[in-house]
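See below for the structure under consideration.
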Amino acid sequence: MNEFALIARFFAEQVRHHRADVVLGIGDDCAILDVAQGQQLLLTTDTLVSGVHFPESTAPYDIAYKALAVNLSDLAAMGATPCWITLALTLPAVDESWLAAFSQGLFTLANEFNVELIGGDTTRGPLAITIQAHGLVPKGQAIRRSGARPGDWIYVTHHLGDAGCALQHLLGQRIIKTSLLAPMLRQLNQPDPRIKEGLLLRGWASAMIDISDGLVADLGHILHHSAVGALLQVDDLPLSTELRQAVSLSDALHHALCSGDDYELCFTIPAHKKTAFDAFSTEQGCSMSCIGRITEEQQLLFTGTHSSLLAASLQGYTHF
Ligand code: ADP
Ligand code: MG
C-alpha cells in the first residue's frame, strides 16, 4: 500500500462530516479555511512518542484518541471551540489493522466535537504522532494563564489522580484490583477533553490551564504567569471513589497533586463572582470543586487536616 492510498483509506475517506468552513481539506498542498469574522484563531500542537508518552503496548485506538484528546484539552484550557486538526504520523511499518484501529480512535473523538481532519504528513520511522489543533474564540475572550489575582478562588473539574495511579499499575509499580481498574485506565487512555466546561468558563474564569503534568506543576504555571501564590485546601481535592478504594489516602492525595495525565481544567474565579458562579456551574450540571485561594505572596502552601499526610517536599512550600 503506497502513501497516498494509505492517506485516502484511513484518513481522507474517514472524514464523514465536512464542516462548512473548510473550503479545501486533505489533498492539496495546503488546506483552506474560512475564519469567521470577530473570532480569533488559537493553535496548539502536541507530540506523543511511543515508549515516552505511552507504553509500547498501548492499543492503537487509545493512542489516536489520546493524541487528539491532549490537543483538544489545550483548546479547552483557553475556552476555545475546536474546529480543525492536522495529523503528522510517523510509522515504523504499514500495518493495516493497526491503522484501522488508530483511525477509528481518532475519528470517534473528532466527530464527537465536530472537528475536521484537514491535512497532515505521513513518514516512516519510530512511531510518533503529532497533532495540531485549531480552535476559535470571540476576539479578546481567550482565557490565559496570567489572569489570576489575589483573592480569586481556585477550582478544578471532575477528579484528579486516577490516570497517574493507573499508569503505575501498567508499569508494574502497584497492583490495582480489577474491579477498580477500568474507569481509572479509561482516564489514562481516553481522557475526556473538557471542551464544554472550557466554553462555559468564558466570562467567568480569570485564568485557566489544563492539568497534564500534575496539579502542583500546572497550577504553578498559573501562579508564575500571574505573579501570585496559592493556599490549597488539601481536604477539598476531588478524588474518585475508585482512587480512594485503590490506594491509601496519602497516596491518593499524592497522585491528585503530583501525577500527570489528568487533563482536567484548573481555573480561578474572582471572589465577587463566586456565589453566582457556583449557582451557574450547578445549574449547568458541571462537576467543579473549589480547592483553594490565590494569595499575594508568591508561594504554594497547603492547609487542611490531611495536609500532614503530604510528603515533606510538599509540606513546606514551593516557590515560583
Ligand atoms: P506534500 O508533499 O505536498 O506535503 P503530501 O503528499 O505529504 O503532500 O500529502 C498529500 C495530502 O495528504 C496533503 O493534503 C496532506 O495534508 C494530506 N496528508 C498527508 N498525510 C496525512 C495524514 N496522516 N492525515 C491527514 N492528511 C494527510
Ligand atoms: Mg506539496
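These numbers were taken from a predicted model, which means no experiment stands behind them. Remember, it's 1-based here, ligands and their atoms both numbered in the order they're listed.
- Remark: the Q190 side chain and the D62 side chain contain an N/O donor-acceptor pair separated by less than 3.5 Å.
- Residue D28 has at least one heavy-atom neighbour below 4.0 Å for each of these atoms of ligand 1: 13 (C), 14 (O).
- E3 is linked by a salt bridge (charged side-chain N to carboxylate O under 4.0 Å, His left out) to nothing, counting only residues two or more places apart in sequence or in another chain.
- Residue G27 approaches ligand 1 through these ligand atoms, each under 4.0 Å from one of its heavy atoms: 11 (C), 13 (C), 14 (O).
- Classified by interplanar angle (parallel below 30°, tilted 30° to 60°, perpendicular above 60°), the ring pair F11/F107 is tilted.
- A donor-acceptor contact closer than 3.5 angstrom links the side chains of H158 and E197.
- A salt bridge is absent between D162 and R186: the closest approach of a Lys/Arg side-chain nitrogen to an acidic carboxylate oxygen does not fall below 4.0 angstrom.
- Relative to atom 25 (C) of ligand 1, the option among S103, C30, G119 with the closest non-hydrogen atom is G119.
- The contact set between ligand 1 and D29, taken as ligand atoms under 4.0 Å from a residue heavy atom, comprises 3 (O).
- Of all atoms in ligand 1, listed by their number and element, those nearer than 4.0 Å to a heavy atom of F4 are 6 (O).
- Contacts between T122 and ligand 1, counted as non-hydrogen atom pairs separated by less than 4.0 Å, involve both the backbone and the side chain.
- Proximity of I118 to ligand 1, defined as any heavy-atom pair under 4.0 Å, is not found for any part of the residue.
- Every residue two or more places apart in sequence or in another chain that forms a salt bridge (charged side-chain N to carboxylate O under 4.0 Å, His left out) with D261 is listed here: K66.
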